Amino acid sequence: MCQHRLRTLAIAALLLLGLVAPACADDQQSPQRIQEEIWVLPLPLPMFAYLVRPVGDGPFPLVIMNHGVSLNARDRSFFPLVEFRDAAMWFARRGYLVVAPVGTGYGAAAIDIPERGLYGPFFSKIGKCTNPNFLDPGLAVAQVDLWIIDYMAAEKRIVPKDVIVVGQSAGGWAAIALSSLNPPQVKAIITFAAGRGGRVDGKPNNNCNPDRLVEATGLFGHTSRVPMLWFYIENDTFFGPALSKRMHEAFSRAGGRAEYHLLPPFGDEGHFLIGSPASIPTWSPLVERFLDKNR
């Protein structure tokens, strides 16, 4: 089935469910009008994606936004189609085409039913905390980002060497992993509360082998040379200030380029800051300054 037909079917189904916003969005502060779409990306692992862009034909600079991870199959099945809609629209209003993929094993693609022998293609498990594998799950999602870049470039929708990758939590960890590959298309990376293995057994500030996470961060830093902007939040109970500072120190000591900001407490749980429209005035000036510096 061709990409156009897949996209048409996806949009039609989501409209019936009431999940697609109006085609165009605008406000008095917006430099330009934007439109929202739902795509099916025909990647080696096909997946849905929320896409928001300026009205027009482009090509546009690309922003990829990576979401976080739940290790609970039931939680993944209820994963929202759009997790960072307001943040994505902020970038789109500044001229970017934003792709926010819904990872395999999430939402409509979450088919884990072990009792029936059905397992979705979920590749983000890190294993036991006695010997966690933090590197490979990050690199797996980084590979998805590379597929998206190649596909959007082949569609002539984007400026091929003007790509920014944004990630939150495990999606931010994947962005750090991507930086270790130094893809020439990616000029900057922005992470929010990046990491893996937070809140083991649901307990606040209970991390899965934090020493190994710091070590893995340093390993990515050895080859990473992409300019990065890292945000952490004081009241993040997944990756608290002490741990995030250790991660940044290990990354920088190894040669990575990351500007670190510890933001003040936000709401009841700072880990989810980027998902709130109320957080935009906090992080957007720092993002604008960072992007101006890395044009």
Side-chain angles (χ1 to χ4, degrees), residues 65-76 79 83-84 103-106 110 112 119-145 165-181 189-222 224 228 230-254 256 258 260 262-263 266 268-275:
M65 301 190 76
N66 295 323
H67 63 69
V69 159
S70 172
L71 297 180
N72 183 291
R74 186 174 184 275
D75 290 346
R76 293 197 300 273
F79 202 79
E83 195 167 41
F84 314 123
T104 56
Y106 291 85
D112 286 59
Y119 296 88
F122 176 66
F123 44 73
S124 287
K125 293 181 180 178
I126 59 174
K128 295 181 178 179
C129 288
T130 52
N131 187 29
N133 179 359
F134 291 123
L135 298 176
D136 288 342
L139 290 168
V141 179
Q143 179 59 64
V144 172
D145 289 343
V165 175
V166 179
Q168 186 265 349
S169 193
W173 180 248
I176 295 174
L178 179 67
S179 80
S180 73
L181 305 176
I189 290 174
I190 303 167
T191 68
F192 290 81
R196 288 303 312 263
R199 287 185 67 119
V200 177
D201 298 327
K203 297 177 182 177
N205 302 303
N206 185 36
N207 294 90
C208 177
N209 208 322
D211 291 342
R212 287 285 292 274
L213 181 64
V214 171
E215 178 187 357
T217 311
L219 289 174
F220 284 143
H222 276 296
S224 172
M228 302 189 72
W230 291 12
F231 290 115
Y232 288 91
I233 304 90
E234 287 184 3
N235 65 331
D236 182 342
T237 65
F238 289 74
F239 308 105
L243 177 56
S244 67
K245 288 175 182 177
R246 288 181 63 202
M247 292 168 65
H248 180 254
E249 288 168 2
F251 188 79
S252 301
R253 188 167 54 247
Y260 174 97
L262 183 63
L263 301 180
F266 184 83
D268 295 329
E269 172 56 71
H271 189 69
F272 303 107
L273 170 137
I274 188 155

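Since the model is a prediction, treat every value here as computed from it, not as a measurement. The residues of the chain are indexed from 1 along the displayed sequence.
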Residues that [X] engages under salt bridge (Lys or Arg N to Asp or Glu O under 4.0 Å), provided they are two or more places apart:
{"X": "Asp201", "answer": "none"}
{"X": "Glu269", "answer": "Arg199"}
{"X": "Arg253", "answer": "none"}
{"X": "Glu215", "answer": "Arg212"}

Quick one: ring pair (Phe, Tyr, Trp, His ring centres under 6.0 Å) pairs with a partner in residues 194-217, sequence neighbours left out? none
Partners of Asn205 by side-chain hydrogen bond (donor to acceptor under 3.5 Å, both in side chains), sequence neighbours excluded?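 Not a single residue meets the side-chain hydrogen bond (donor to acceptor under 3.5 Å, both in side chains) criterion with Asn205.
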Identify, with sequence neighbours excluded, every residue that meets side-chain hydrogen bond (donor to acceptor under 3.5 Å, both in side chains) alongside Ser224. Ser179
Check whether any side-chain heavy atom of Leu135 sits under 4.5 Å from a side-chain heavy atom of Phe220, and report yes or no.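 Yes; the side chains approach each other to less than 4.5 Å.
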Residues that Phe272 engages under ring pair (Phe, Tyr, Trp, His ring centres under 6.0 Å), provided they are two or more places apart: Phe238
Those residues at least two apart in sequence (or on a different chain) that pass ring pair (Phe, Tyr, Trp, His ring centres under 6.0 Å) with Phe239 are His271
Which pairs, with at least one residue in residues 234-249 and sequence neighbours excluded, count as a salt bridge (Lys or Arg N to Asp or Glu O under 4.0 Å)? Asp211-Arg246
I'd like to know whether Ser244 forms a side chain to side chain donor-acceptor pair (under 3.5 Å) with Tyr260, so could you lay out the CA-CA distance, the side-chain angles of the two residues, the decisive distance to 0.1 Å, and finally the verdict. CA-CA 9 Å; Ser244 67; Tyr260 174 97; 2.7 Å; yes
